[in-house]
S.K.: 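I have a structure I would like to understand better, so I am pasting it below and will then ask my questions one at a time.
Residue numbering restarts at 1 for every chain, and letters A, B, ... go by the order of the sequence lines.
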Amino acid sequence: MAEKITAPKGTYDILPDQQAVRRWVVACAEDVFQRYGYGRLDTPIFEETALFARGVGESTDIVRKEMYTFTDLGGRSMTLRPEGTAPAARAYVEHGMRTLPQPVKLWYHWPMFRYESPQSGRYRQHYQFGVEAFGSTSPALDAEAIGVLAALYREIGLAQVELRINSMGCRQCRPTYSDELRAFLIDHRADLCTECHERTRLNPLRTFDCKVPGCVRVMESAPRFTEYLCENCEGHHTVVRDHLVVQGIEYVEDHRLVRGMDYYTRTTFEFQSAVLGAQSGVGGGGRYDDLVESIGGPPTPGVGFGTGVERILLALSRSRDDLPGTRGPLAYVVAVNDSARREAFALVHELRSRGVAAELDYASRSLKGQMKQAGKGGARFALILGDEETAAGEVTLKDMATGEERRLPRTEATEVVVKAEVSAE
RNA sequence: GUGAACGUAGCUCAGUCGGUAGAGCACUGGAUUGUGGCUCCAGCGGUCGCGGGUUCGAAUCCCGUCGUUCACCCCA
């Protein structure tokens with residue numbers, strides 16, 4: 001026998017019975033995005049590798065070790081999209097969207113690919129919703145982006161999420177702070193782990209992430225970025241916080257919140273869920289005022305977020321038990337004997353043509369077997385066709401919930417089912 | 001990339017001290033005449049992840065490998 005082929009590591013199949021809840025979440029998201037004035041954008045699933053290398057940043061984990069990169073037959077280096085912001089920025093530049101009224105507000109629902117080792121809530125292919133707003137430095141837009149995400153979580157009933165916010169400063173104040181922090185880290189070198197020594201050199205802000213107890217203790221007395229923000233960044237941050245309050249959004253300031261993409265400036269934020277385990281981030285984002293320029297576009301500010309669909313679903317399944325389920329057929333047409341099967345097929349066809357979700361037996365099951373199928377499939381009506389019914393041009397209409405049966409002319413029975421379908425929608 | 005636990009039927013699992021496999025669910029049929037859900041009976045279904053080693057004999061012990069899960073790293 002040939003060797004069994006399974007889904008690639010870290011990937012999964014989405015089976016029919018899992019589709020309903022997913023579609024519902026997607027529909028909620030789409031509704032929220034539309035209401036906040038964001039238009040849908042779709043881009044290719046792969047891009048030139050350089051887009052991510054330059055946009056996301058050479059020093060990030062994503063670019064250094066997590067990209068699905070391949071050479072196409074033309075010898076070009078291509079990469080399966082690991083995140084959404086850089087492709088959105090590329091599309092903004094490529095289509096001259098700076099000539100549109102600013103800001104240009106876009107949303108997406110895309111699969112992302114990262115070569116990571118899978119664990120709870122982390123996959124090599126996963127979906128993200130995201131929004132990106134280009135062309136405005138207004139802090140109201142930062143607060144709005146956070147508000148969009150909060151609205152989404154609220155409307156799908158995702159409780160127990162906590163918002164953390166921080167500011168990463170800008171080109172002016174970040175170098176000052178970086179130098180200050182690096183100097184502090186060098187002073188305390190003896191108390192830090194070897195990994196933090198490396199971080200000190202590459203990206204000192206990352207030392208705040210370290211969980212080694214000694215490092216955590218040192219970092220408690222480290223200088224905080226919020227105390228080194230320049231006047232503009234300070235003012236920006238204040239307005240963002242104020243506009244969160246205006247929206248009734250609770251948050252905690254977390255000066256240790258450092259996100260993995262190099263492009264963030266000023267506002268960064270992350271929503272965490274207590275029910276998720278180690279991968280507790282459900283969604284996060286921030287401002288990226290230098291990104292568009294770094295991929296060869298005109299200087300253009302932007303702000304946005306990404307949120308993981310699988311993590312939303314995981315958190316939902318752990319906090320709600322009233323999620324939408326799969327809808328079965330409304331009507332199941334039963335043939336009492338083989339001579340009625342052709343008639344049954346014709347009736348199913350008629351019902352389907354008139355908009356009714358109708359089903360019938362394909363396995364030559366007995367009458368009893370067909371009734372069983374109707375019951376298991378969740379059909380509301382069974383339409384039973386036997387010799388007596390066909391001879392009279394009638395059908396026995398059975399209400400599966402009450403067990404009540406009526407012999408009706410075929411057209412009348414059809415009418416009842418069609419009306420039920422209409423009212424079910 | 002690192003560490004730990006686990007891989008037995010479609011699913012959830014049992015399998016003692018090594019003696020070539022079981023249950024429940026699901027699926028199919030049946031319990032006298034043309035009727036589902038409850039119950040009962042029967043049937044279908046397994047290269048014990050894969051490869052090697054030890055042994056008279058391996059699902060069981062050992063090594064490797066692949067996969068899953070959880071965690072680190074990082075992220076959604």
Side-chain angles (χ1 to χ4, degrees), chain A residues 1-12 15 17 56 59-66 81-85 109-130 149 193 195-196 198-199 203 206 209-212 257-261 268 270-273 276-285 305-315 332 334-337 339-340 361 363-390 396-405 407:
Chain A
M1 193 163 55
E3 201 170 322
K4 191 160 53 175
I5 297 174
T6 57
K9 179 172 181 162
T11 67
Y12 53 89
L15 302 178
D17 65 345
V56 180
S59 77
T60 60
D61 278 11
I62 289 182
V63 172
R64 276 169 45 219
K65 49 188 193 188
E66 295 175 2
R81 171 174 61 209
E83 63 94 53
T85 305
H109 172 212
W110 292 342
M112 306 293 177
F113 304 85
R114 292 183 200 168
Y115 192 86
E116 295 191 90
S117 90
Q119 71 184 73
S120 180
R122 192 167 69 192
Y123 301 94
R124 288 188 170 178
Q125 175 179 345
H126 73 280
Y127 281 81
Q128 281 183 34
F129 297 125
L149 195 46
C193 69
E195 224 172 306
C196 280
E198 188 69 4
R199 289 176 175 131
N203 191 348
R206 283 247 155 261
D209 279 345
C210 190
K211 286 168 186 86
V212 176
L257 179 65
V258 178
R259 296 180 51 78
M261 267 66 86
T268 56
E270 186 169 303
F271 282 86
Q272 299 181 346
S273 167
L276 280 184
Q279 306 306 319
S280 61
V282 240
F305 67 74
T307 181
V309 176
E310 289 73 17
R311 289 194 187 166
I312 289 175
L313 291 169
L314 185 61
Y332 194 100
V334 174
V336 171
N337 50 43
S339 55
D361 171 55
S364 302
R365 290 187 182 86
S366 63
L367 168 61
K368 185 182 193 148
Q370 291 177 59
M371 288 305 294
K372 239 181 210 178
Q373 293 300 307
K376 279 184 186 142
R380 198 162 132 208
F381 298 107
L383 283 79
I384 303 163
L385 282 170
D387 292 337
E388 295 170 25
E389 286 89 346
T390 28
T396 298
L397 180 70
K398 175 165 185 165
D399 185 314
M400 296 298 281
T402 64
E404 181 203 341
E405 282 185 24
R407 275 273 288 274

S.K.: Say you draw a straight line from NE2 of A:H126 to CD of A:E310; how long is it, rounded to the nearest 0.5 Å?
M.R.: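 One finds 6.5 Å between NE2 of A:H126 and CD of A:E310.
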S.K.: If the P atom of B:rA76 is compared with that of B:rG24, how far apart are they to the nearest Å?
M.R.: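 Roughly 47 Å separates the two P atoms.
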S.K.: So does A:Y127 have more than 12 non-hydrogen atoms from other groups sitting under 6.0 Å from OH?
M.R.: no
S.K.: How many angstroms lie between OH in A:Y123 and CZ in A:R311, if you round to the nearest 0.5 Å?
M.R.: 9.5 Å
S.K.: Hunt down the Watson-Crick or G-U wobble partner of B:rU68, both distances under 3.5 Å, from any strand shown, or write none.
M.R.: B:rA5
S.K.: Roughly how far apart, to the nearest Å, are B:rC70 and B:rC27 at atom P?
M.R.: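 One P to the other, the span is 29 Å.
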S.K.: Taking any heavy-atom pair under 4.0 Å as a contact, classify A:F129: base, sugar-phosphate, or nothing.
M.R.: nothing
S.K.: Could you please name the partner base of B:rA31, counting Watson-Crick and G-U wobble pairs only when both distances are under 3.5 Å?
M.R.: B:rU39
S.K.: So what does A:I62 touch, heavy atoms closer than 4.0 Å: a base, only the sugar-phosphate, or nothing?
M.R.: nothing
S.K.: When rounded to the nearest Å, what value does the distance between C1' atoms of B:rC63 and B:rU16 take?
M.R.: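 These two C1' atoms come out 26 Å apart once rounded.
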S.K.: B:rU69, OP1 or OP2 - any side-chain N/O from A:S120 closer than 4.0 Å?
M.R.: no
S.K.: From B:rU2, B:rG67, B:rC73, pick the nucleotide closest to the side chain of A:Q279?
M.R.: B:rC73
S.K.: Mind checking A:Q125 for me? I need base, sugar-phosphate or nothing, with any heavy atom below 4.0 Å counting as a touch.
M.R.: nothing
S.K.: I need the NZ-P distance between A:K372 and B:rA26, as an integer number of Å.
M.R.: 10 Å
S.K.: Would you mind pulling out the nucleotide paired to B:rG10, Watson-Crick or G-U wobble, both distances under 3.5 Å?
M.R.: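 Partner of B:rG10: B:rC25.
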S.K.: Could you please name the option among B:rU35, B:rG67, B:rA76 that lies closest to any side-chain atom of A:M261?
M.R.: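 Selected nucleotide (nearest to the side chain): B:rA76.
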S.K.: Determine the Euclidean distance between corresponding C1' atoms of B:rA58 and B:rC11; express it in Å to zero decimal places.
M.R.: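 Their C1' atoms lie roughly 27 Å apart.
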S.K.: Would you mind reading off the distance between A:E83 atom CD and B:rC74 atom P, rounded to a whole angstrom?
M.R.: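 Taking atom P of B:rC74 as the reference, CD of A:E83 is at 18 Å.
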S.K.: Just checking A:R64: base, sugar-phosphate only, or nothing, at a heavy-atom cut-off of under 4.0 Å?
M.R.: nothing
S.K.: Return the 5'-most residue of the pair A:A278, A:G283 with respect to RNA chain B, ranking by each residue's nearest nucleotide.
M.R.: A:A278
S.K.: How is A:V282 classified with respect to the nucleic acid when contacts are heavy atoms under 4.0 Å: base, sugar-phosphate, or nothing?
M.R.: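 If one applies the 4.0 Å heavy-atom cut-off, A:V282 turns out to touch the sugar-phosphate alone, with no base involved.
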S.K.: Whether the side chain of A:Q370 engages the backbone of A:R365 through a donor-acceptor N/O pair (distance < 3.5 Å, no angle test) should be reported.
M.R.: yes
S.K.: Need one value for A:G10: base, sugar-phosphate or nothing, where a base atom within 4.0 Å counts as base even if backbone is also close, heavy atoms only.
M.R.: sugar-phosphate
S.K.: How many Å lie between CZ on A:R311 and C1' on B:rC74, as a whole number?
M.R.: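 Distance check: A:R311 CZ to B:rC74 C1' gives 10 Å.
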S.K.: When you measure from the side chain of A:I384, which nucleotide among B:rG36, B:rG34, B:rA76 comes out closest?
M.R.: B:rG34
S.K.: Touch check for A:G403, heavy atoms < 4.0 angstrom, all strands: base, sugar-phosphate only, or nothing?
M.R.: base
S.K.: Between B:rG64 and B:rA21, how many Å separate the two C1' atoms, rounded to a whole number?
M.R.: 26 Å
S.K.: I'd like the C1' distance from B:rC61 over to B:rC48, given in whole Å.
M.R.: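 Those two atoms are separated by 16 Å.
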S.K.: With a 4.0 Å cut-off on heavy atoms, is A:M112 in touch with a base, just the backbone sugar-phosphate, or nothing at all?
M.R.: nothing
S.K.: Please confirm whether the backbone N or O of A:M112 pairs with a side-chain atom of A:R81, one donor and one acceptor, at under 3.5 Å?
M.R.: no
S.K.: Looking at every strand, decide which applies to A:E310 at a 4.0 Å heavy-atom threshold: base, sugar-phosphate, or nothing.
M.R.: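 Nothing, no nucleic acid heavy atom in range.
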S.K.: If I take atom OG from residue A:S366 and atom CE from residue A:M371, how far apart are they, to the nearest 0.5 angstrom?
M.R.: 11.0 Å
S.K.: Can you tell me the distance, in whole Å, between the NZ atom of A:K376 and the P atom of B:rA26?
M.R.: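 Nearest whole value for this atom pair: 7 Å.
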S.K.: When the distance from CD of A:E404 to C1' of B:rG36 is rounded to whole Å, what number comes out?
M.R.: 16 Å
S.K.: Rounded to the nearest angstrom, tell me the gap between atom CE in A:M371 and atom P in B:rU28.
M.R.: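 It works out to 15 Å between those atoms.
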S.K.: Whole angstroms only, please: what is the CZ-C1' distance between A:R122 and B:rG1?
M.R.: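 About 11 Å, once rounded to whole Å.
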S.K.: If we take the P atom in both B:rA14 and B:rG7, what is their distance in whole Å?
M.R.: 8 Å
S.K.: So, under a plain 3.5 Å distance rule, would you say the side chain of A:K368 forms a donor-acceptor pair with the base of B:rU35?
M.R.: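 For A:K368, whose side chain was compared with the base of B:rU35, there is no donor-acceptor pair (under 3.5 Å).
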S.K.: For the base of B:rG1, is there a side-chain donor-acceptor partner from A:E116 under 3.5 Å away?
M.R.: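 There is none.
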S.K.: Taking the six-membered ring of A:Y115, is NZ or CZ of A:R124 closer than 6.0 Å to its centre and within 45° of its axis?
M.R.: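 Yes, A:R124 sits over the ring of A:Y115.
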S.K.: When rounded to the nearest Å, what value does the distance between C1' atoms of B:rA42 and B:rG3 take?
M.R.: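 Between the two C1' atoms, the distance is 50 Å.
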S.K.: For A:G130, answer base if it contacts any base atom (sugar-phosphate contacts may also be present), sugar-phosphate if it contacts only those atoms, and nothing otherwise; contact means non-hydrogen atoms under 4.0 Å.
M.R.: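 Contact class for A:G130: none.
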S.K.: Check whether the side chain of A:R114 and the base of B:rC74 form a donor-acceptor pair under 3.5 Å.
M.R.: no
S.K.: Has the side chain of A:S366 got a donor or acceptor atom sitting under 3.5 Å from an opposite partner on the base of B:rG30?
M.R.: no
S.K.: Paired with B:rG46: which nucleotide, if any, by Watson-Crick or G-U wobble criteria at under 3.5 Å for both distances?
M.R.: none
S.K.: To the nearest angstrom, how far is A:Q119 atom CD from B:rA4 atom P?
M.R.: 16 Å
S.K.: So which nucleotide does B:rU20 pair with, by the Watson-Crick or G-U wobble rule with both distances under 3.5 Å?
M.R.: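 Here B:rU20 is not engaged in any pair, so there is no nucleotide opposite it.
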S.K.: If you measure from CZ on A:F305 to OG1 on A:T85, what distance do you get to the nearest 0.5 Å?
M.R.: 10.5 Å
S.K.: Of A:E405 and A:G284, whose nearest nucleotide on RNA chain B comes first from the 5' end?
M.R.: A:E405
